[in-house]
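Throughout, a chain's letter reflects where its sequence line sits, starting with A, and its residues are numbered from 1. Nothing here was measured: the structure is a model prediction, and the numbers come from that model.
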Amino acid sequence: MTLAARTAVAHQPIDAPLPELHDQLRPMDHLDALEAQSIYILREGFARLKKLALLWSLGKDSNVMIWLARKAFFGKVPFPALHVDTGKKFPEMYAFREHYAKEWDLDLRVDPCPPIDSVDPTLPPAARSAARKTEGLKMALAKYGFDGLIAGIRRDEEATRAKERVFSPRGTEGGWDVRDQPPEFWDQFNASPPPGAHLRIHPILHWTEADIWAYTKREGIPIIPLYLAKDGKRYRSLGDQDITFPVASNASSIDEILLELETTKVPERAGRALDHETEDAFERLRVAGYL
Amino acid sequence: MTIAVSPASLTTPNGTTRPLVRIVIVGHVDHGKSTLVGRLLHETGSLPDGKLEMLKAVSARRGMPFEWSFLLDALQTERDQGITIDTTQISFRTHSRDIVLIDAPGHAEFLRNMITGASQADAAVLIIDALEGVRDQTRRHGYLLQLLGIKQIAVVVNKMDRVDFSADRFTAISDEITAHLTSLGVTPTAVIPISARDGDGVAERTDNIRWYKGPTVVEALDALTPSQPLDLLPLRLPVQAIYKFDDRRIVAGRIEAGRLQAGDDIVIMPAGKIAKIKTVESWPITPVSGPQGAGRSVGITLDRELFVERGDVIGHVGAAPRDTRRLRARVFWLHDQPLTAGASLLVRVGTRETRATVVAIEKAVDPGDLASEAASEIKRNHVGEIDLSLAQPVAADPASDNPKTGRLVIEVGGRIAGGGLVLSVDSGQRAATADIVPVESALSAEERAARYRHGGAVVWFTGLPGSGKSTLAKALERRLFDRGGSPILLDGDTLRAGLNRDLGFTPEDRAENIRRLAEIAAHLAANGHVAIVAAVSPAAADRAAARAIVGDRFREIYVATPAEICEQRDPKGHYAKARAGTLANFTGIGNDYQPPADAELAIDTTKQNVAASADAIETMLAGSGVLIGEVVDLAAHI
């Protein structure tokens, strides 16, 4: 942003005391600060790990993450984008993947999940589906030998994700030990996974749902149209077709989504069956290696 | 956890910028952190629909009475153990702030998680149980907040219902914690009596605490400010990587302090190589023009081929960081095995990592009881001062010069085991200092003394606001002028309007304010004038620093007017504002003024009038060799 533009921003009416002169030179707004932090994390991951991949779920969060990676590395994402495919995504999502993998020049790797029969049948349906995805992820990890996976989870999504570190070590079985996480402060990250284990890197952990939308709008990042309301319904979060449901909404543009988020008290993952099957289903899955 | 806000709490139209403040709530285990968080969410209308009802239903199903803290204890494991394990982040809004609340565990075992949470915060709320009072973990957290660089701390005294809302009990705890924090160099922004369970003091000053006139918790949160990027400090760009994805060779990193733009002359430390910034690269539009400020992740190209690597720090020519292989640091230690002299470790300073050896442990302290221990090792959850010898040179600053490039972490076995502040950097020189050549005055001290009939001196008035410092300073100024002297009044407030207008009232800014006053005063005194300084200067350490700067020309006068009289006078209306909670960091109504023990003179203005006081000062100055009775015969000295 130029100095003139900064001054213009500083003159917008805000309901707070006028900052001191040196604060008006403050170059960054909220989204700039989030962006700069995410870029820093992506570059740290790229510098400190040998074989990285970015998990691309095709949703709004991972699209923002790819955008940030292109900013961090000046246009080219220097590691593969991995889609662990359940085969049950919406047709719009597959169309999006094919189109933007080319347009964004991604090194796309699509890896399937094992058949559902091979997954613990005692789990409730959505959790079983997620466990299948976790197995697919473990297979891909074994196949490529990644030591770092960049994932687009956010702290505000779900209580157990709030407990995450930015650089989060996983055990050799891919599991997460919530009780024994190393300290992480001053943007110094623990990036030495034991042999055979991997790290999860969370560059947008500190973003909120509203931040994602505001940034998507500002940067003109493409989105899957299912997020926008049609006939009074829209998807707030996209997963597998059989376990993801739309929420009642009339928000048919990003601006309207932002307005809706200002007033809603419905959690983002309300349409995700997985979160509601049992009180602790999500945490149990995460301990086992789910995102 | 998604927690949105109700329309009623929106005070600005959609899309405008509200300051976002990240806060952490810390304190001894079971003093009520989670309860306060639950209560705050309820009071600010921030709970998702049905959450409260759902948790009440869960509690009923388990046959337990509902607790506000259940809101946070979403994890099964936590509920089983009844302890908050890790940090959780929750957003809500006060009148004019977006608050991101980081809950941090109080259990000593989880100090690493408290540090992880607190290091992300702009401000902290330190919670104390009114019944139990200040405990070891309360002190430990206070100590660590200060080490982590958190300057805004609001204290809440919780469970006031358990002490029958006793004002005396509150004052005792308030005095104790204020004294503790002040000794660490932190002034609490507020000390608030509350009952998180019942809501007293959280959003409302209820009848139970009608004796309390300060802000509520919500009001105190509303007065916090976000941390500012360090745009005004010298440029520091730690290099994260060099990218050669195309024909550009881009040096990438985040600007930790200062600003840069194309055309700047830079130096790459620790090697000290000089170059010019050719372009500032970006995506999708590149290159970008105009200055880039602190906090921004950037990429630059240089005008020449140089060996640059991850871990280097780029600064401007003439204002670069120092290069060193020896650091002294104040560290906190989180590893099970104590840190010992001779230990070999991995140290990270910015993006540089190097092997290091602990040469010596100078101090070891348990911050829980502040007891000094044998300085042979630093135990887990303790702090200390160490000397480090580094295998590779690093570019670093003392933390007092730059909080971002003046800190380090220590790794053991691939895991972060401790962290700390750089106290001093032993070798290496700043490029700028070599260019400073002080110029001596053409006049001698004797010539000046002969004219003014006094030697150079600094008369430093310290005392509470309203004690009469300015009145006495002006009376002295008139006296000295009338007898032909050269008095120069340096009033703290007057200088704050100009020279010191970049400074606030945090302990750091106060210290810098005093340092500048002392430097100017010392310069005037060295040139034969009597510099008369009137400044509250509440911290004994700051006044000692001023005395050290000035040397033996320093005369301290303690204006010891009783606090209640000062508050009655309130010539600037500050006491009234502070009592109303609208003036933060005001010295006078807390326990934060540290009276001098070794002043050259103490004056109680309720005991003697201005003229008598001026007489006493004149007598002191004459008795200590500042004033000269007879005209000096210059010839006698030749």
Checklist line | Selection from B:R310, B:R248, B:E281 maximising heavy-atom pairs under 4.5 Å formed with chain A | finding: B:R310
Checklist line | Close side-chain approach of A:W186 to B:L148, heavy-atom, < 4.5 Å | finding: yes
Checklist line | Residues B:R254, A:I39; criterion side chain to side chain contact (heavy atoms under 4.5 Å, CB included); working and verdict | finding: CA-CA 9 Å; B:R254 182 173 59 190; A:I39 291 174; over 6 Å; no
Next item on the list: Return the minimal non-hydrogen interatomic distance between A:D32 and B:R296, and the atom names on each side.
Entry: OD2-NH2, 3.6 Å
Checklist line | Least distance between heavy atoms, B:N113 atom then A:Q181 atom | finding: OD1-O, 4.2 Å
Notebook entry, point to check: What is the distance from atom CH2 of B:W283 to atom NZ of A:K71, rounded to the nearest 0.5 Å?
Noted result: 7.5 Å
Next item on the list: Determine whether B:R112 and A:E184 make a side-chain contact, defined as any pair of heavy atoms from C-beta on separated by less than 4.5 Å.
Entry: no
Checklist line | Test item: A:Q188 side-chain N/O and B:G350 main-chain N/O as donor-acceptor pair under 3.5 Å | finding: yes
Margin query: With heavy-atom distances below 4.5 Å as the criterion, would you say the side chains of A:F74 and B:D246 are in contact?
Written below: no
Checklist line | Minimal non-hydrogen separation, A:A36 against B:G295, with atom names | finding: CB-O, 3.1 Å
Item checked: Which portion of B:I416 sits near chain A, non-hydrogen atoms under 4.5 angstrom -> both
Check: chain A heavy atoms under 4.5 Å from B:S282: which part of the residue, side chain, backbone, both or neither?
Finding: backbone
Note to self: Take a 6.0 Å sphere around NZ of A:K76 and say whether it holds more than 12 heavy atoms from other residues, nucleotides or ligands.
What the structure shows: yes
Note to self: Are A:R43 and B:S297 packed together at the side-chain level, in the sense that at least one heavy-atom pair is separated by less than 4.5 angstrom?
What the structure shows: yes
Checklist line | Top contributor to chain A contacts, counting heavy-atom pairs under 4.5 Å, from B:T351, B:V298, B:T286 | finding: B:V298
Notebook entry, point to check: With a 4.5 Å heavy-atom cut-off, do A:P183 and B:L334 have their side chains touching?
Noted result: yes
Next item on the list: Flag the pair B:V409 / A:F189 as yes when at least one side-chain heavy-atom distance between them is below 4.5 Å, and no otherwise.
Entry: no
Checklist line | Where B:R22 and A:H206 come nearest, the two heavy atoms and their spacing | finding: NH2-O, 4.4 Å
Notebook entry, point to check: If you round to the nearest 0.5 Å, how far is CZ of B:R407 from CG of A:D187?
Noted result: 7.5 Å
Item checked: Options B:I255, B:I250, B:T225, ranked by heavy-atom pairs under 4.5 Å with chain A, top entry -> B:I250
Check: What is the ring orientation for A:F73 with B:Y243, classed by angle as parallel under 30°, tilted 30 to 60°, or perpendicular over 60°?
Finding: perpendicular
Checklist line | Straight-line distance of A:S192 OG to B:R415 CZ, nearest 0.5 Å | finding: 11.0 Å
Notebook entry, point to check: Heavy-atom distance under 4.5 Å to chain A: side chain of B:L408, backbone, both or neither?
Noted result: backbone
Margin query: Please classify the contact of A:A214 with chain B as side chain, backbone, both or neither, using a heavy-atom distance under 4.5 Å.
Written below: neither
Next item on the list: Identify which part of B:V288 has an atom lying under 4.5 Å from any heavy atom of chain A, answering side chain, backbone, both or neither.
Entry: neither
Note to self: Counting heavy-atom pairs closer than 4.5 Å to chain B, which one of A:A47, A:G75, A:P193, A:P78 comes out on top?
What the structure shows: A:G75
Next item on the list: Output the distance between atom CG (A:D29) and atom CG (B:L20), rounded to the nearest 0.5 Å.
Entry: 12.0 Å
